[in-house]
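Convention: sequence-line order gives letters A, B, ...; per-chain numbering from 1.
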Amino acid sequence: MKELSLFEGPLDVEAIFNGWHEEYKNKNMGAFITFVGIVRDEDGIEGLSFDIYEPILNSWFDAWQAKAKTQNATILMAHSKGDVPLHKSSYIAAVLSPKRKVALALINDFVEDFKAKAPIWKYDIKGGKRIYADDRSTALPAAGLLA
Amino acid sequence: MKELSLFEGPLDVEAIFNGWHEEYKNKNMGAFITFVGIVRDEDGIEGLSFDIYEPILNSWFDAWQAKAKTQNATILMAHSKGDVPLHKSSYIAAVLSPKRKVALALINDFVEDFKAKAPIWKYDIKGGKRIYADDRSTALPAAGLLA
Amino acid sequence: MVKVEFLGPIGLEDIQIEAATLAELGVKLQEKEELKPWLANSAIAVNDTLVNDKNMTLKDGDKVSILPPVCGG
Amino acid sequence: MVKVEFLGPIGLEDIQIEAATLAELGVKLQEKEELKPWLANSAIAVNDTLVNDKNMTLKDGDKVSILPPVCGG
């Protein structure tokens, strides 16, 4: 499986986790941390929907992977495109590392940077319509350059 | 499944992860983080072995669960007793929370406190013998009271 | 001519436009009323690299992407 | 009489011993040469609660546990 995988619709959490575990369990990585994001039932939404700009997502991810490698760690990520219903997963991130503290620090820093920088746009689904989640979105660095 | 589960020998990582995911995926917890510890092949060991003092492990865990509940989070943990061969898991911890940042902070703090305080003793297995891992062990608070 | 693409929720078709620098492109895009609020909080990529220099020169065939505020996960 | 149990790698059988306080128990345990290095870095629990007051009184039937340095996971 690729280190960064995008899927149409909700993620199959168990298949992805088990696939990553199978692939890496014999690689002498002592710590394997996964973060699973699950769509919450709130504000009367029917689900979430996502657009992704893949060229910049790929380069953002590759930069993180290079940073992880300098600490002998590996980052894995899966994300949904399109619609994801309530209680299904849209995002899974993982860190493998020989060292516990490296893995714990990386999963935190990676997930927080993902939230701030990954070129992904989120929409609430209400009444079958996509409504841009502008109140939860974060402007990228250097935003407003052409304002 | 109980929130704290102890198993003889290595953990079945996929069964435990999938069981937890099944049980909690519809509970409106937006973040589900798992930490899986896997026995590394190093220093010529054949595996690790563990003794656990369950009464104090239970009260330590219950105190953490109470702390997690004040943040609407839940902690789950599985640990091995006895021998665990190379590349198998001896420890899995998980945090579920409605909030990403709560989950990321809790998994870090819980795992670090586990390492420092859980009444578990680790042995390297070499030549079929158990050798206490004193160099990696941490004295508990108030150690030396009767010295 | 450069190609301008409006990502995510902006919801406009790609356009081809004449502009020698990013600043010049900015002036032309500001003429479109519906774009003003997006430009205020969008980042800019040229050929899929995020940029922060408004004086950057553009050449024929460059792709300029407008990236509004993000929220993955 | 209190019961003393030596956990994990200490590897000694439980003993029954007469002691009115933790301090008194400490003096008696220090008499065993093989215990000295363990007592230097072990924590103490009375009836499965970790304690830090050497003047704590013990009563008949109390269980005192000696917990050497730990390493889970």
Point-to-point distance, once rounded to the nearest 0.5 Å, from CG of Asp51(B) to CD1 of Ile10(D): 11.0 Å
Distance, nearest 0.5 Å, that separates CG of Asp53(D) from CG of Leu145(B): 7.5 Å
Closest contact, heavy atoms only, Leu140(B) versus Ala43(D): CB-CB, 3.6 Å
Which atom of Ala40(D) lies closest to which atom of Ala147(B), heavy atoms considered: CA-CB, 3.7 Å
Among the listed options Pro9(D), Gly8(D), Ser65(D), Ala23(D), the residue most often paired with chain B at heavy-atom distances under 4.5 Å: Pro9(D)
Interface residue of largest heavy-atom contact number with chain B, from Pro69(D), Gly72(D), Gly26(D), under 4.5 Å: Pro69(D)
Distance-only, no hydrogens or angles: does the [X] side chain make a donor-acceptor pair with backbone N or O of [Y] under 3.5 Å?
X: Trp121(B); Y: Leu7(D); value: no
X: His79(B); Y: Gly73(D); value: yes
X: Lys122(B); Y: Val70(D); value: no
X: Lys54(D); Y: Leu146(B); value: no

Proximal to chain D - members of residues 86-106 of chain B, heavy-atom separation under 4.5 Å: Ser90(B), Tyr91(B)
Contacts of residues 55-74 of chain B with chain D (heavy atom under 4.5 Å): Pro55(B), Ile56(B), Ser59(B)
Side chain, backbone, both or neither of [X] within contact of chain B (heavy atoms, under 4.5 Å):
X: Pro37(D); result: neither
X: Lys63(D); result: side chain
X: Leu67(D); result: both
X: Val27(D); result: neither

Residues, nucleotides or ligands: over 12 heavy atoms within 6.0 Å of Gln16(D) CD: yes
Part of Phe35(B) lying under 4.5 Å from any heavy atom of chain D: neither
Residue list, ring pair (Phe, Tyr, Trp, His ring centres under 6.0 Å) with Tyr132(B), at least two apart or on another chain: Trp38(D)
Counterpart residues, side-chain contact (heavy atoms from CB on, under 4.5 Å), relative to Pro141(B) (two or more places apart): Lys117(B)
